[in-house]
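The structure under discussion appears below in the form of structure tokens.
Every chain is numbered from 1, with letters handed out A, B, ... down the list of sequences. Everything quoted here is computed from the prediction, not taken from an experiment.
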Amino acid sequence: MSDLVIPGNVPYFISVALLLIGLYAMVARRNLIKKIMGLNILSTSVFLFLIAVADKRGGAPPITVPGVDLYVNPLPHTLVLTGIVVALALTSFALVLVIKIYQEHGTLDADRLMKL
Amino acid sequence: MENAPILVVMAPFIGAYLIPLLGLWWERYCYWVAAAATGLSVLFSLTLVGSVLAQGTIYYTVGGWEPPWGIELVVDPLSAFMCLVVSLVSLLAGAYSRSYIKKELPEGKATSYYTMMLLLTGGLLGVSVTGDLFNLFVMTEIFSVAAYALVPMMGRKGSFLASYRYLILASIGTSLLLLGTGYLYMVTGTLNMADLAARLPVAYAYHPWVVLAALAFFLVAFGVKSALFPLHAWLPDVYTVAPAPVAVLSTLVTKVGAYSLIRVLFSVFGMPLITGAIPVAPALSWMAAAAILAGSVVALQQSDIMRMLAYSSVAHIGYVMLGIGLAVQLGLTGGILHILSHALAKGCLFLCAGAVMYRAGIRRIDDFRGLGYRMPLTMAAFTLAAASIAGIPPTVGFMSKFYLALGAMETGSWVLVAVIVAGSLLTALVYLRVILLMYFGAREGPQLKEEPPLGMLVPIVTLALACAVLGIFVRVPLSLVGPGVRVLLGM
Amino acid sequence: MGIAEFLLMSLLVVLAVAAVFMRDLLAATVVFMVYSLLMAIVFTQLKAPDVALTEAAVGAGVTTLLFVIAIAKTDRREEDV
Amino acid sequence: MYRQLALLMVLLVAGAILTLAVTDMPAFGDPGAPAHRHVAPRYIEMAYRETGVPNMVTAILADYRGYDTLGELTVMFTACAAVLSVLLGRKRR
Amino acid sequence: MTTVIIRTTARILAPFIQLFGLYVIVHGPISPGGGFQGGVIVGASLILLALSYDLASAEARAGHAIRIAMDSTGSLLFAGIGLLSLLAGGVFMDYGIIPLPLPAAQVRALMILLIGMAIGVHIMALVSTLFLHMAEDHE
């Protein structure tokens, strides 16, 4: 069972699907917190893509160990680490804004806020 | 001064790290730290300009690792030009802020205001000097977060919502920027811009769709940042609720967005890719034409001065993008010169509008009646800057539009020439309405002279004079823009 | 890539859809936390332990916490049309 | 109604671009993919010798691309200052 | 009753979490982890304390001023290490050039460890600040 190989670039397709879901949530969902969740899904999809780019079949994690030659590519990992921090920064600030918007307008519905 | 490329970025950052620490005990020194840090980056920018003019493009490797392994800073004439524009305008906006925020900002926000301003300036400078695509993303995020945070500083009604919408729209852009960087990394294995440019043609031959998708992502990302016409939805609200000096900095944000687009299009993808199989550049110029007309027409209908200036900004970003889209020497010169002329003129206009709000509390254009006699110097500066924006001859705004029109003629698209001229007329109409009201509107009530304080007046007058002086001595900015364009086009 | 990995990644999509479409925000946040943890597991399988650790600490920890605080301070349910 | 249609168009276009790009990509997990041939080998082979740190990710993060990490730290710093600027404001005088 | 149990547990647990966080920071160069992850873990322990007690006492334990100071200091330390190599005559962040009686690679390793600590301090202060201020009642 486990030797059944799934062909093609599955992780890339998964990341595309996640990206579209995140984009949908950011543009179409009316709740402001859902939009931020969408932003997080969108960025994790990019991270998944980058980590998938770094992967090598049969490679070891990028920590030097004597006797191992084939390591996965460490550069995208560092990019993703930076990206995660940036996403956290955006999320925290956006959530504070959401709290403030709720205090000011009493609703988190994007359509209702637009009418104000 | 071989370390100027990094110091120009680090000076504002270190200042920004220091200010919260200072603000705990000595809040009144925050302004001076901010001024010193911005002043230092102006000095380093001048050093950069000097050495670029003397010895050509400067390469600086951070950490001593040779590129493409380490991060490389590349200062070509265009980068030096952007550094100078960004740091000078930030310095003036910072100087203006001192009196402005005392009255307009709630108590206790000065510390975070100056921190954010320095971070914004540092991020913009970081984008201007970087030669690494991922570093571009990081610096973009720094100035973006700082920009989101500066918008609701005054606590005006609806400002949090404006900031939130800006954040969501711009984060889609920056996420796509990261994804595009990942795509390019996937097919080339490098993040260094020069290295990417060398390796992209091969990558394009093997994986054309990956490269084109990355190009599309970059267009969207920088389109949002620079408020290119269909992606400008965040801009009017942001400019309306933000403090006036922040609106000035936001115009710098849009300019740096346009600069990043220039970098990515010309220094990374290169001419064959953007004008060849998929005509990105011509499409960009048509979108820019739409932006010019739509922005000007909508600006005509506004009753709020800040909102009018905001839509006018949408139109003028169109001019910069038009220059980029033309992708010929004269057009690109015009577009880049327009970055300068628009930053100066729109900066001056925003500061004037801020001064009017500061003194008279007026936002509606109809209330500008007779203001030309109450605040003569401010309104004279307003008129001069408006003349530059509309492209009236001795100003720098005229020169940039002139070059743009020449570039459009060179490519033979007379429609674009007509759009440039029509856009100028529309812009003139937009500002003429205000100016006529200011000077010829019926005056009523006692006429007191009430200029803003000196700290605010000096930046306003400096910017207005710069519009005129640089227009007469247009060779000064051109001595940087000219070589910059030649480097971009590989001539 | 084996069938187990494939199923794990498909589950990511399912969880993301659930997180986006759930009307109870607190429940959506919990689903989002599970999504982040699963993402961390996927990162481990793709041989990125550093990133997995960070994603688990940040995505499932701090981000979820911040979401919960924000929801506690605002509305728990999405408003109806 | 128009908004829904426009949204659908945006998602369709984005999906089409992404799918086209993904089908065109180098194979997943291929050790000979372009991404693994150019810059990364130096990090993998030399990181321990040049920086004395076995964890390559840390070596790149703190040394080779340390400037990015400084930027990352600054983003976090900015976010913290941003949150404080929104939340403090009028409360503490 | 439950609050007593929770408080005692939190009190006993917190030092261990902090120890683990420090371990992650210090072992960043040789195992998965680093300043950022460790900083988040230590910050989480502070949040645990804040959740089990009330916010006011958490605020008292790690006051606003201290957190801001740590936040700034972490960033300044990082930038300072970068500037140190500039002062030593190299380029920014070229740690190998810092004059220490060690081989260049060892100096770099040391500086990477220091930077990890700087990041850890910064992120710890930051995560707890984010939490404390967002959870606080602000009307």
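Among the candidates C80(D), A59(D), A79(D), the residue making the largest number of heavy-atom pairs closer than 4.5 Å to chain E is C80(D). Residue with the most contacts toward chain E among T74(D), N55(D), V53(D), L61(D): N55(D) (heavy-atom pairs, distance under 4.5 Å).
Separating the OG1 atom in T58(D) from the CD1 atom in I115(E) is a distance of 11.5 Å, to the nearest 0.5 Å. Note that CG of L84(D) and OG1 of T129(E) are 6.5 Å apart. Values are rounded to the nearest 0.5 Å. A distance of 5.5 Å separates CZ in F92(E) from CG in L70(D), rounded to the nearest 0.5 Å. Atoms CD1 and CD, from I123(E) and E72(D) in turn, are 7.0 Å apart once rounded to the nearest 0.5 Å. Distance check: R65(D) CZ to M93(E) CE gives 12.0 Å after rounding to the nearest 0.5 Å.
With a 4.5 angstrom heavy-atom cutoff, T69(D) touches chain E via backbone and side-chain atoms both. Heavy-atom distances place no part of V57(D) under 4.5 Å from chain E, backbone and side chain included. No part of L110(E) comes within reach of chain D, as not one of its non-hydrogen atoms sits under 4.5 angstrom from that chain. For L113(E), no part lies near chain D; criterion is any non-hydrogen pair under 4.5 Å. With a 4.5 angstrom heavy-atom cutoff, S75(E) touches chain D via backbone and side-chain atoms both.
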Run the numbers on L87(D) and M134(E) for side-chain contact (heavy atoms from CB on, under 4.5 Å), then give the verdict.
CA-CA 8 Å; L87(D) 290 184; M134(E) 270 180 78; 4.2 Å; yes
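Contact of the E50(D) side chain with the R108(E) side chain is not registered, since no non-hydrogen atoms from C-beta on lie closer than 4.5 Å.
Of all heavy-atom pairs spanning A62(D) and Y95(E), the tightest one is O-OH, 2.9 Å. The two residues F78(E) and G66(D) have their closest heavy-atom pair at CZ-O, 3.8 Å.
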Side-chain donor-acceptor distances from residues 14-32 of chain E under 3.5 Å, at least two apart:
residue	atom	partner	partner atom	Å
Q18(E)	NE2	S45(E)	OG	3.1
S31(E)	OG	H27(E)	O	3.1

